[in-house]
Amino acid sequence: MASKHGRDKALDWELLSKDKDKKVKVRPSEKGSPSSRVGAVGLKNEPGNYDASRIADAYSLGETVPDAASEKELGNEFFKQKKFNEAIDCYSRSIAFSPTAVAYANRAMSYLKIKRFREAEDDCTEALNLDDRYIKAYSRRATARKELGKLKESLEDAEFALRLEPVNQEVKKQYADVKALYGKEILKKASSGLRTSSQAPVQGGKVENGLRGSSVSKGSKKMLKPDVVQELQEENNGEVPKKNSTNIEEIKTNNSRVRSNTAVKKNSEDITKASMRPDGNNKQALTASVQELASRASSRAMDEAARNISPPTTAYQFEVSWRGFSGDCTLQYRLLKVTPPSSLSKIFKNALTAPLLVDIVKCVGTFFREDRDLAVKYLENLATVPRFDMLIMCLSSSDKADMIKLWNEVFCSEATPIESAGILDRLRVKYCLKR
């Protein structure tokens with residue numbers, strides 16, 4: 001009797017469990033339509049608008065409970081239907097549940113579609129803060145910055161994306177397009193500068209016999225002529241009275257200014273004439289002038305950057321600064337000096353490349369004798385960056401030969417103190433460098 005009662009009770013419990021499972025299952029009509037799923041738990045379609053009690057009620061009633069993944073997928077469905085505002089709302093809710101680089105980059109793409117380029121740029125930056133090797137975020141930020149007129153920054157993003165994935169044809173095309181636009185902008189500015197300089201008049205009146213016809217200063221109404229100066233020198237035994245010495249110096253200064261202005265005007269006229277010639281020489285002359293202006297602008301930009309070096313916080317920031325200082329070990333040393341060695345693992349994560357590793361080690365070798373402590377700390381902390389062992393294995397034979405030579409002749413030379421030599425010997429093994 002007892003066993004029969006037990007079996008009936010077990011059967012009732014099994015039926016109750018099956019009935020509960022049926023309630024929790026999502027109805028087929030709710031799966032297919034994104035619009036039927038929006039607000040399934042009584043939420044308004046606005047980012048960040050959540051009601052915990054309604055979510056709990058929806059869960060008890062067996063309705064679909066939203067989370068970061070489901071909201072992102074729902075946003076993807078809306079994006080496919082070209083409902084970009086609805087997609088933005090879904091991605092915003094996904095980010096509110098759990099911020100991810102993908103959700104930020106997807107929302108950025110939706111912003112691009114409705115031409116909200118500033119928001120797209122900001123979202124891509126947030127995505128890269130979470131994953132600094134996310135190629136789509138670099139590519140989409142390059143697009144946003146191009147539309148905002150930030151062509152230099154756009155080119156940097158496209159170039160970095162191409163370095164991460166050199167075989168990506170879409171990124172290749174984007175890089176080529178932005179590079180062409182940036183080149184046109186530089187050419188336009190250079191041409192405008194040349195036209196302005198060629199049209200600029202020489203101030204101060206007409207130039208006659210190498211002297212201006214206007215007065216030199218408030219204190220002298222007439223300028224001394226060369227023959228008058230000679231007479232004064234003869235009368236004063238080769239010396240000019242002190243009263244007029246200022247005028248003579250001003251004559252010399254103004255003569256040099258006149259010659260300088262005449263030379264500038266002549267060069268500008270030559271460039272203008274060259275640009276009007278029917279043959280192909282005008283293009284060569286203009287190209288040379290543009291290259292010279294670009295070189296000067298690059299020098300000024302490098303000087304300005306040298307005064308404002310700030311510690312990088314991501315691999316992207318570090319590599320952009322490093323490449324900007326390419327060929328100048330002094331500026332690269334200053335970049336290393338403002339970057340704490342202990343932060344290298346956090347900055348690079350898994351984004352350090354073998355060529356950059358070799359460049360940093362070579363730069364460390366240039367200041368090893370002057371700042372040995374910093375050099376040793378850099379070599380130690382580089383070895384703690386993720387995937388370091390893999391990078392060492394991927395070094396080319398020539399790079400490895402350079403590293404061995406650097407270790408033998410600089411880091412472990414006879415002039416290296418004993419306390420540093422012991423650390424560097426251990427690091428030699430870590431860097432897989434034979435004696």
Let's go through I392 and L357 carefully: what are the C-alpha distance in whole Å and the side-chain angles of both, what is the deciding distance for side chain to side chain contact (heavy atoms under 4.5 Å, CB included) to 0.1 Å, and is it a yes or a no?
CA-CA 9 Å; I392 293 298; L357 171 65; 4.0 Å; yes

Starting at CD1 of I95, measure out to CG of N106 and round the result to the nearest 0.5 Å.
9.0 Å

Taking all heavy atoms of I309 and all of L331, pick out the closest pair and write down the distance.
CD1-O, 4.1 Å

So, the side chain of R141 versus the backbone of S154: is there a donor-acceptor pair under 3.5 Å, distance only?
no

Roughly how far, to the nearest 0.5 Å, is NZ of K146 from CG of L181?
6.5 Å

Polar side-chain atom of S343 near backbone of K346 as donor-acceptor pair, under 3.5 Å:
no

Do other residues, nucleotides or ligands put more than 12 heavy atoms under 6.0 Å from the NZ atom of K349?
yes

Is the shortest distance from a Lys or Arg side-chain nitrogen in R323 or E159 to a carboxylate oxygen in the other one below 4.0 Å?
yes

Verify side chain to side chain contact (heavy atoms under 4.5 Å, CB included) between Y104 and N129, making sure each step is shown before the conclusion.
CA-CA 10 Å; Y104 272 116; N129 288 337; over 6 Å; no

First locate atom CZ of R107, then atom CD1 of I88, and finally report the distance between them rounded to the nearest 0.5 Å.
8.0 Å

Determine, for R116 against E119, whether the closest basic-nitrogen to carboxylate-oxygen distance falls under 4.0 angstrom.
yes

Nearest-0.5 Å distance that lies between atom CG in D425 and atom CG in L433:
11.5 Å

In terms of side-chain geometry, is the basic nitrogen of K430 or E380 positioned less than 4.0 Å from the acidic oxygen of its partner?
no

Here the pair of heavy atoms bringing L391 nearest to T353 is CD2-C, 3.9 Å

Over all atoms of both residues, closest heavy-atom pair of A87 and G75:
CB-O, 3.5 Å

Looking at every heavy atom in both V410 and F368, which two are closest together, and how far apart are they?
O-CE2, 3.5 Å

Aromatic ring pairing W322/F318, orientation class (parallel under 30°, perpendicular over 60°, tilted between):
parallel

Return the minimal non-hydrogen interatomic distance between V171 and A158, and the atom names on each side.
CG1-O, 3.9 Å

Between L352 and R387, is any pair of side-chain heavy atoms under 4.5 Å apart?
no

Donor-acceptor side-chain pairing of Q174 and T143 below 3.5 angstrom
yes

Would you confirm whether D399, through its side chain, and L395, through its main-chain N or O, come within 3.5 Å as a donor-acceptor pair?
no

Taking the side chain as every heavy atom from C-beta outward, state whether L128 and T314 have any atom pair closer than 4.5 Å.
no

Answer yes or no: is there a donor N or O on one side and an acceptor on the other, between the side chain of S70 and the main chain of P66, under 3.5 Å?
no

K136, NZ atom: more than 12 neighbouring heavy atoms under 6.0 Å:
no

Modelled atom types, side-chain donor and acceptor of Y333 and D371, under 3.5 Å:
yes

Would you say that P417 contacts R372 through its side chain, given a criterion of any heavy-atom pair below 4.5 Å between the two side chains?
yes

Under a 3.5 Å threshold, yes or no: a donor from one side chain and an acceptor from the other, between Y111 and D122?
no

Take S321 and Q317 through the test side chain to side chain donor-acceptor pair (under 3.5 Å) and record every step on the way to the result.
CA-CA 6 Å; S321 299; Q317 292 177 358; over 6 Å; no

4.5 Å side-chain heavy-atom contact, L374 and P341:
yes

Test item: K377 and N381 side chains (from C-beta on) under 4.5 Å apart, heavy atoms:
yes

Please list, chain by chain and in numerical order, all residues satisfying side-chain hydrogen bond (donor to acceptor under 3.5 Å, both in side chains) with S345, sequence neighbours excluded.
T384

Counting neighbours of NZ on K400 that are heavy atoms of other residues, nucleotides or ligands and sit closer than 6.0 Å, is the number greater than 12?
yes

Please lay out, stage by stage, how I360 and L382 fare under the test side chain to side chain contact (heavy atoms under 4.5 Å, CB included).
CA-CA 9 Å; I360 293 174; L382 280 171; 3.8 Å; yes

Going from CD on E319 to CG on D132, what distance comes out if it is rounded to the nearest 0.5 angstrom?
10.5 Å

Under 4.5 Å between any side-chain heavy atoms of L162 and N168, yes or no?
no

Can you check side chain to side chain contact (heavy atoms under 4.5 Å, CB included) on F411 and V364, steps first, answer last?
CA-CA 10 Å; F411 297 147; V364 169; 4.1 Å; yes

What are the two closest non-hydrogen atoms of A315 and F348, and how far apart are they?
CB-CD2, 3.9 Å

Can a salt bridge be assigned to the pair D177 and K173 using a cut-off of 4.0 Å between side-chain N and carboxylate O?
yes

Test: ring pair (Phe, Tyr, Trp, His ring centres under 6.0 Å). Region: residues 371-406. Which pairs qualify, not counting sequence neighbours?
F388-Y431

Measure from the side-chain N and O atoms of T339 to the backbone N and O of L335, and report whether any donor-acceptor pair falls under 3.5 Å.
yes

Using only heavy-atom distances, determine whether the side chains of D89 and S92 contain a donor-acceptor pair under 3.5 Å.
no

Any ion pair linking K150 and E121 (charged N to carboxylate O, less than 4.0 Å)?
yes

T366 (side chain) donor-acceptor with C363 (main chain) under 3.5 angstrom
yes

Any side-chain heavy-atom pair of T313 and I347 under 4.5 Å
no

Nearest 0.5 Å, what's the NZ-CZ distance between K113 and F79?
5.0 Å

Only pairs at least two apart or in different chains count here, so list each ring pair (Phe, Tyr, Trp, His ring centres under 6.0 Å) that has a residue in residues 132-182.
Y138-F160, Y138-Y316, F160-Y316

Decide yes or no on salt bridge (charged side-chain N to carboxylate O under 4.0 Å, His left out) for E185 and K152, but give the supporting numbers first.
CA-CA 10 Å; E185 183 186 52; K152 182 181 178 182; over 6 Å; no

